[in-house]
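Everything below concerns the one structure shown next.
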Amino acid sequence: MKSLVDEGERRPLAGRNFRVEIDEGNGRRIEVGCSEVVFPALSAADDPFEPRAPEPLLLRRAATGGEEFHAWWDKARSGRAPARRTVTITLLGDDLASEPMRWRFRNARPVSLHYSPLNAMGSALLIETIALAFDGVEIA
């Protein structure tokens, strides 16, 4: 993995080129085209005096009729949840080959699925968002 930081270049990283992959745990890794990833706040330590619900990881994309998000959410809500999955988000450099950063969310599972409003007067894309709880994150 070639990194911009390894070359001694300390430039601000653009967040426009990235890859989202879901490892299903059976040797199958699928790439899901997302238009936006919203990272949760990652606290340094748990405060027993101020417990708060952990924020979910949000994956957003234009709805295409693809079943990946819906099928995963549907199994979870009906009690037939598959094994928890690993979600990997890889930031790509401007050359689309280097990988300056990578986040690996362990034991991810769906907590909600959301669709943007339908509006007959507009021309916006229908956006689907899956919110994922997770047990831990590794940042490289």
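It should be emphasised that the depicted structure is a prediction, and the values quoted were computed from it without experimental measurement. Note: hydrogens, waters and symmetry copies are ignored here, and every other heavy atom, side chains too, is used.
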Indicate, with yes or no, if Val111 and Leu113 share a hydrophobic cluster defined by side-chain heavy-atom contacts under 4.5 Å among Ile, Leu, Val, Met, Phe, Trp and Tyr.
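Hydrophobic grouping puts Leu113 apart from Val111.
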Share the residues that join Val38 in a hydrophobic cluster, the rule being Ile, Leu, Val, Met, Phe, Trp or Tyr side chains under 4.5 Å apart at the heavy-atom level.
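Besides Val38, the hydrophobic cluster comprises Leu58, listed by chain and residue number.
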Quick one: hydrophobic cluster around Leu125, which other residues, with the 4.5 Å side-chain cut-off, linked directly or via members?
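When side chains under 4.5 Å apart are linked, the cluster holding Leu125 also contains Ile127.
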Do [X] side-chain atoms and [Y] backbone N/O form a donor-acceptor pair below 3.5 Å?
X	Y	value
Arg109	Asn107	yes
Asp74	Arg77	no
Thr64	Gly66	yes

Let's go through Thr90 and Phe18 carefully: what are the C-alpha distance in whole Å and the side-chain angles of both, what is the deciding distance for side-chain contact (heavy atoms from CB on, under 4.5 Å) to 0.1 Å, and is it a yes or a no?
CA-CA 5 Å; Thr90 306; Phe18 56 91; over 6 Å; no
Please report the interatomic distance [atom1]([X]) to [atom2]([Y]), rounded to the nearest 0.5 Å.
X	Y	atom1	atom2	answer
Arg104	Thr88	CZ	OG1	4.5 Å
Glu128	Tyr115	CD	OH	4.5 Å
Leu92	Leu13	CG	CG	11.5 Å
Leu59	Ile22	CG	CD1	6.5 Å
Ile130	Leu57	CD1	CG	9.5 Å

Looking only at heavy atoms, which two atoms of Leu91 and Gly15 are closest? And how far apart?
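That would be CD1-CA, 4.0 Å.
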Nearest heavy-atom neighbours spanning Phe134 and Arg106
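Distance-wise, the nearest heavy atoms are CB-O, 3.6 Å.
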Would Arg19 and Glu21 count as a salt bridge (Lys or Arg N to Asp or Glu O under 4.0 Å) here? Give the steps.
CA-CA 7 Å; Arg19 181 176 54 241; Glu21 297 171 297; 3.8 Å; yes
If we only count heavy atoms from C-beta on, is the [X] to [Y] side-chain gap below 4.5 Å?
X	Y	answer
Trp103	Val37	no
Phe69	Thr129	no
Trp73	Ser78	no
Leu96	Asn17	yes
Val137	Leu42	yes
Leu132	Pro56	no

Between the side chains of Asp135 and Arg84, is the shortest nitrogen-to-carboxylate-oxygen separation below 4.0 Å, so that they form an ion pair?
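Between Asp135 and Arg84 there is a salt bridge, with a charged N closer than 4.0 Å to a carboxylate O.
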salt_bridge(Asp94, Arg16) N-O dist < 4.0 Å
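Looking at Asp94 and Arg16, the cut-off is met.
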Kindly indicate, with the supporting measurements, whether the criterion side-chain hydrogen bond (donor to acceptor under 3.5 Å, both in side chains) is fulfilled by Ser35 and Arg60.
CA-CA 6 Å; Ser35 57; Arg60 291 192 176 122; over 6 Å; no
Going by the rule side-chain hydrogen bond (donor to acceptor under 3.5 Å, both in side chains), which residues pair with Glu68 if we only count those two or more places apart in sequence or in a different chain?
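Here the qualifying residues are Arg61.
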Does the plane of the ring in Phe39 sit parallel, tilted or perpendicular to the ring in Phe105? Use 30° and 60° as the thresholds.
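Ring orientation, 0 to 90° scale: parallel.
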